[in-house]
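Have a look at the structure below before the remarks.
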Amino acid sequence: MQRSSLLAESLAILGKEVASELRRRVALNAIGLFAVTTLVAVAYQIGPYGLAEQDRPFLLSALLWIILFFAATAGLARVFVKEEDAHTAKALRLAARPLAVLYGKLLFNLVLLLALEVIIVPLYCALMGFAVRSVAGLILVMAAGGAAFAVTSTFVAAIIARASGSNALFAILALPLLLPLLVAVIAGTRAAAGSMELAAVLPALRAIVSLGGVTMVTAVFLFPVVWRD
Amino acid sequence: MSESSSMLWVAVVMVVIWGGIFAYCLGLDRRLRHMEDQQ
Amino acid sequence: MVLNARVLVVRFRDVSKRFGGQKVLAGVSGELRPGRVLVVAGPNGSGKSTLLNILAGLLRPSRGEVTYAEDERVLSAEEWFPNLGVAAPDMALYDELSALENLQLFARLRGVSGHDHASLLLELGLAAAHHHKALGAFSSGMKQRVKLAQAVLHRPPVLLLDEPSANLDEDGHQRVVRLVTRMRPATALVVATNDPREMAWGDATIELAG
Amino acid sequence: MTEKTWQKGLKWLLGVWLTGVTAAALLWAPPAAGFQGDSFRIVFFHVPQAWVAVLAFCVNLVASLRYLRGRRPLDDARATAAARLGLLFAILATITGSIFAKIEWGMFWNWDPRETSIVILLLIYAAYFALRQAVADEERRGALAAAYAIFAFVTMPFLIFVVPRVYASLHPNLVEAARGTVRFKMDPHMRMVLLAALVGFSGLFTWLYTLEVRVARLVAARRAQEEA
């Protein structure tokens with residue numbers, strides 16, 4: 001039996017995830033709704049003038065990523081949990097290679113997360129009066145941060161899907177692993193807000209990229225153990 | 001915190017923690033040997 | 001349609017499985033060869049599905065071993081799965097996708113191209129009108145037909161069917177009989193069932209105690 | 001089995017060593033400049049506890065890797081025992097750390113980067129046990145827990161090295177104040193007591209670990225009897 005290439009399998013799975021998500025929109029609703037309501041609530045409370053001037057860069061950066069983090073926990077685990085709940089995991093396990101499943105679902109979570117960022121970040125800057133001097137720097141931090149975020153979230157999602165599958169367990173397992181990344185992306189966002197040149201975000205970007213790279217390599221080695229008994 | 005009391009704090013905490021764990025080990029060790037003999 | 005004519009043999013020796021303290025399978029042995037149907041019979045909860053999951057390589061036996069060999073070369077799990085077709089009650093397909101989209105997905109995953117999935121669905125009795133409807137709206141009988149189509153679309157040399165006629169009417173059962181007859185010569189088949197009509201297919205039978 | 005003399009001797013040595021270390025830490029080691037009285041002496045306990053916690057998590061890593069390769073239940077028991085002890089030492093390190101902070105800066109917690117790293121370690125291994133609770137099947141529980149422990153371990157270097165540096169850039173005013181006082185000069189005597197304390201606590205960890213593994217062996221043997 002010849003096998004399809006890993007890329008073809010991964011794209012087939014990504015296609016399936018996008019198609020079923022567009023038709024049922026469960027994760028999209030969860031993430032979108034959560035992010036917007038939190039943002040509006042926070043904006044209403046704090047608003048552009050609520051913060052002392054010198055605290056603004058740090059607090060606004062931190063707040064943005066906390067909103068993104070909790071919106072993500074509302075939706076990113078679904079990509080594996082629904083396979084176990086709907087009992088479709090068995091057919092997928094038999095038909096696709098573990099790495100194709102990992103890459104397909106990771107790409108889907110990445111698309112979901114970047115879409116979330118594209119919607120939330122401009123809205124956040126407007127509502128909160130968050131002036132960002134280096135937009136290019138912010139985009140770099142958001143993209144790299146989003147990718148590293150998606151790697152850990154997807155791997156933890158695969159683990160909890162085979163445990164109780166509850167969102168609470170996802171947050172408990174994912175939070176401590178994401179804290180180092182959270183610190184790095186907040187520092188990066190703050191640097192992007194603080195200065196015009198791109199170089200300002202480099203230290204944080206190095207931390208994000210190395211953290212994302214190391215966790216990706218580990219996820220690739222460990223995923224088959226999680227996906228198959 | 002006065003001079004001597006901070007010292008007392010440190011000493012008490014340390015002795016309680018480490019004394020307790022050491023005693024726990026002794027007790028567990030004895031019980032284990034007893035169960036291993038029955039095995 | 002030319003079926004794969006490769007000699008694939010599955011041997012399982014003294015396979016046992018225990019969940020927590022409870023023993024589900026005790027020392028089952030046997031062999032699968034192309035052209036032979038092995039029936040696994042036994043009351044509910046006797047471990048039929050567990051044995052099939054172990055033979056599929058989805059579950060690790062507590063004791064005993066399963067070896068997959070192609071012309072005496074032992075295959076790894078990675079090499080093994082593509083040779084396997086499975087249809088079982090504890091397995092579902094994607095409700096959001098249509099019958100055809102499901103088959104196209106599994107065909108792409110298995111690297112099988114250019115097959116007329118529509119005719120396979122017709123052969124299993126799914127009317128053309130339903131081919132483009134989402135699986136979620138299907139009755140259990142219609143879902144079972146798509147599941148059987150998924151199991152055979154890549155013409156696997158080994159086919160594991162767990163209660164294949166479940167939820168099927170008489171017409172559905174007759175189509176399963178025709179499918180098994182057609183695939184039998186070049187396929188090693190395992191059928192877990194309590195349906196006497198299906199038990200009659202067996203060249204060999206394993207009776208699992210309750 | 002009657003206890004061999006060397007085991008009894010080892011226990012006595014460990015007992016004597018630990019009392020010696022405690023006495024040295026509390027009485028003998030010279031006071032460090034810039035501290036209120038003798039509160040700095042808690043460092044002789046705080047720092048080794050943190051190191052031993054990391055040591056325990058390393059043992060958990062090795063046992064988890066070995067479990068994934070051989071799927072032997074004993075390796076899973078070893079991984080769990082090491083994680084449990086790691087959690088214990090991390091909790092102790094956090095307690096002694098906050099006592100030190102209370103005496104030194106008047107508040108139990110001041111987000112000193114090293115302290116936050118220990119707490120994050122605590123969260124990781126608390127999550128490890130939350131995961132173990134959530135899985136019924138024994139073998140899957142071992143595999144998932146091992147996968148999580150190995151994945152978490154990889155993020156640990158970032159936690160201990162990267163986070164403090166990046167963290168410091170986040171709120172410079174707070175952290176500089178704390179960093180100024182913590183960097184006391186390590187004179188040779190203090191370093192010796194610190195190393196002695198580390199050896200003592202590692203010995204205690206090893207003993208605890210072997211005891212827990214012996215318990216696991218007994219449980220496994222008893223279950224094997226029941227099954228047979």
Side-chain angles (χ1 to χ4, degrees), chain A residues 1-29 78-105 107-108 161-162 220-221 223-229, chain C residues 4 6 8 17 49 52-54 56-61 70 75-98 101-113 134-136 143 146-147 149-151 153-160 162:
Chain A
M1 294 298 280
Q2 53 29 324
R3 274 235 71 133
S4 54
S5 75
L6 187 58
L7 179 64
E9 279 184 48
S10 308
L11 292 180
I13 291 174
L14 174 62
K16 186 267 292 185
E17 297 298 338
V18 172
S20 27
E21 190 53 39
L22 287 183
R23 292 179 188 169
R24 295 263 319 263
R25 273 195 291 293
V26 175
L28 274 177
N29 289 346
R78 249 195 77 65
V79 77
F80 276 108
V81 171
K82 66 178 181 185
E83 297 276 359
E84 302 291 340
D85 289 353
H87 300 298
T88 50
K90 180 169 178 171
L92 192 58
R93 231 166 246 128
L94 289 165
R97 276 178 287 205
L99 284 190
V101 173
L102 174 66
Y103 295 146
K105 289 187 186 282
L107 285 171
F108 176 72
R162 308 214 70 201
V220 165
F221 275 106
F223 182 75
V225 165
V226 174
W227 177 242
R228 285 190 183 142
D229 262 340
Chain C
N4 302 52
R6 292 176 15 259
L8 250 161
K17 183 66 183 178
S49 299
L52 257 67
N53 280 327
I54 289 174
L58 290 167
L59 203 57
R60 217 183 280 268
E70 183 186 5
L75 303 181
S76 70
E78 206 61 21
E79 296 163 306
W80 163 242
F81 277 146
N83 301 302
L84 192 58
V86 176
D90 66 344
M91 175 171 146
L93 302 185
Y94 293 100
D95 281 349
E96 304 94 8
L97 304 182
S98 73
E101 282 167 342
N102 267 290
L103 294 189
Q104 276 146 16
L105 169 67
F106 285 103
R108 277 176 68 195
L109 290 177
R110 290 189 179 281
V112 167
S113 54
L135 219 57
K143 282 186 182 175
V146 181
K147 208 187 284 188
Q150 170 274 147
L153 68 83
H154 54 306
R155 288 197 304 295
V158 178
L159 186 58
L160 308 181
D162 192 342

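All values below come from the heavy atoms of this structure, side chains included, with hydrogens, waters and symmetry mates left out.
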At a heavy-atom distance under 4.5 Å, which candidate from C/L93, C/D90, C/D95 has the highest pair count against chain A? C/D90

Chain A contact via [X] - side chain, backbone, both or neither, heavy atoms under 4.5 Å:
X: C/A88; value: side chain
X: C/E79; value: neither
X: C/R60; value: side chain
X: C/L97; value: both
X: C/N53; value: side chain
X: C/L84; value: side chain

Please rank A/R24, A/E21, A/E83, A/R23 by heavy-atom pairs under 4.5 Å with chain C and give me the top one. A/R23

Non-hydrogen side-chain atoms of [X] and [Y] separated by less than 4.5 Å:
X: C/L58; Y: C/F81; answer: yes
X: C/Q150; Y: C/V146; answer: no
X: A/L14; Y: A/Y103; answer: no

Minimum heavy-atom distance C/A134-C/E96, with the two atoms named: CB-O, 4.1 Å

Start with the C-alpha distance between A/E84 and A/R93, add both sets of side-chain angles, then the distance that settles salt bridge (charged side-chain N to carboxylate O under 4.0 Å, His left out), and finish with yes or no. CA-CA 11 Å; A/E84 302 291 340; A/R93 231 166 246 128; 2.7 Å; yes

I'd like to know if the side chain of C/D162 reaches the main chain of C/P89, judged simply by a donor and an acceptor atom lying under 3.5 Å from each other, with no hydrogens or angles considered. no

Proximal component of A/A86, with respect to chain C [non-hydrogen, under 4.5 Å]: backbone

Rounded to the nearest 0.5 Å, what separates atom CZ in C/R108 from atom CG in C/L103? 13.5 Å

